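Below is one structure, written out as structure tokens, with a few remarks after it.
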Amino acid sequence: LLHEPDQSLDGGSPLVSSSSDFHRPVPASSFPRCLLSPPICPDFAGRFLAGRLTDEECRVVGFREQTSRPELIERTVLEVAGTVLAA
């Protein structure tokens, strides 16, 4: 939510003054894999990012046949990236 420059929640400076105040994540394809491991096995992460998990791995992850969809891979990487950045 963008606040008008003279508005804030506490009467001080605005929370957001422009769209440049938002962090834009890196594309999933350029997210550093080293940040996924640990706790994720590098081999598993590589297969997941390539959309090449086994049927059993897809079942365990819970996405089944959707696991190889680029949109799901991107969403998952952005979730992990957000967690890493917040830590």
Side-chain angles (χ1 to χ4, degrees):
L1 298 170
L2 291 175
H3 290 275
E4 293 299 319
D6 62 341
Q7 294 178 338
S8 72
L9 293 178
D10 63 1
S13 61
L15 296 175
V16 177
S17 60
S18 74
S19 60
S20 66
D21 289 338
F22 291 94
H23 174 72
R24 175 160 290 219
V26 297
S29 60
S30 62
F31 183 75
R33 289 187 185 188
C34 65
L35 297 178
L36 298 175
S37 178
I40 301 171
C41 169
D43 183 52
F44 176 85
R47 288 194 321 280
F48 176 78
L49 293 172
R52 295 191 181 122
L53 294 181
T54 66
D55 289 343
E56 177 63 15
E57 288 171 326
C58 290
R59 186 190 66 74
V60 170
V61 169
F63 297 129
R64 302 196 187 272
E65 67 277 353
Q66 303 296 317
T67 307
S68 63
R69 293 188 58 184
E71 301 89 355
L72 180 69
I73 293 169
E74 174 117 8
R75 186 200 84 176
T76 303
V77 169
L78 292 174
E79 288 174 345
V80 171
T83 300
V84 169
L85 290 171

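These numbers come from a predicted model, not from an experiment.
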Legend entry - Closest heavy-atom pair and its distance - S68, G51: CB-O, 3.5 Å
Inset, instruction - Begin from the C-alpha positions of F48 and D43 and carry the test side-chain contact (heavy atoms from CB on, under 4.5 Å) through to its verdict. - result: CA-CA 9 Å; F48 176 78; D43 183 52; over 6 Å; no
Legend entry - ILVMFWY network linking I73 to L78, side-chain heavy atoms under 4.5 angstrom: no
Legend entry - Check ion pair E71-R75 (N to O, under 4.0 angstrom): no
Legend entry - Sub-4.5 Å side-chain heavy-atom contact between V61 and F44: yes
Inset, instruction - Look up atom CG in L53 and atom CZ in R64, then write down how far apart they are to the nearest 0.5 Å. - result: 13.5 Å
Legend entry - Nearest-0.5 Å distance that lies between atom OG1 in T54 and atom CZ in R47: 6.5 Å
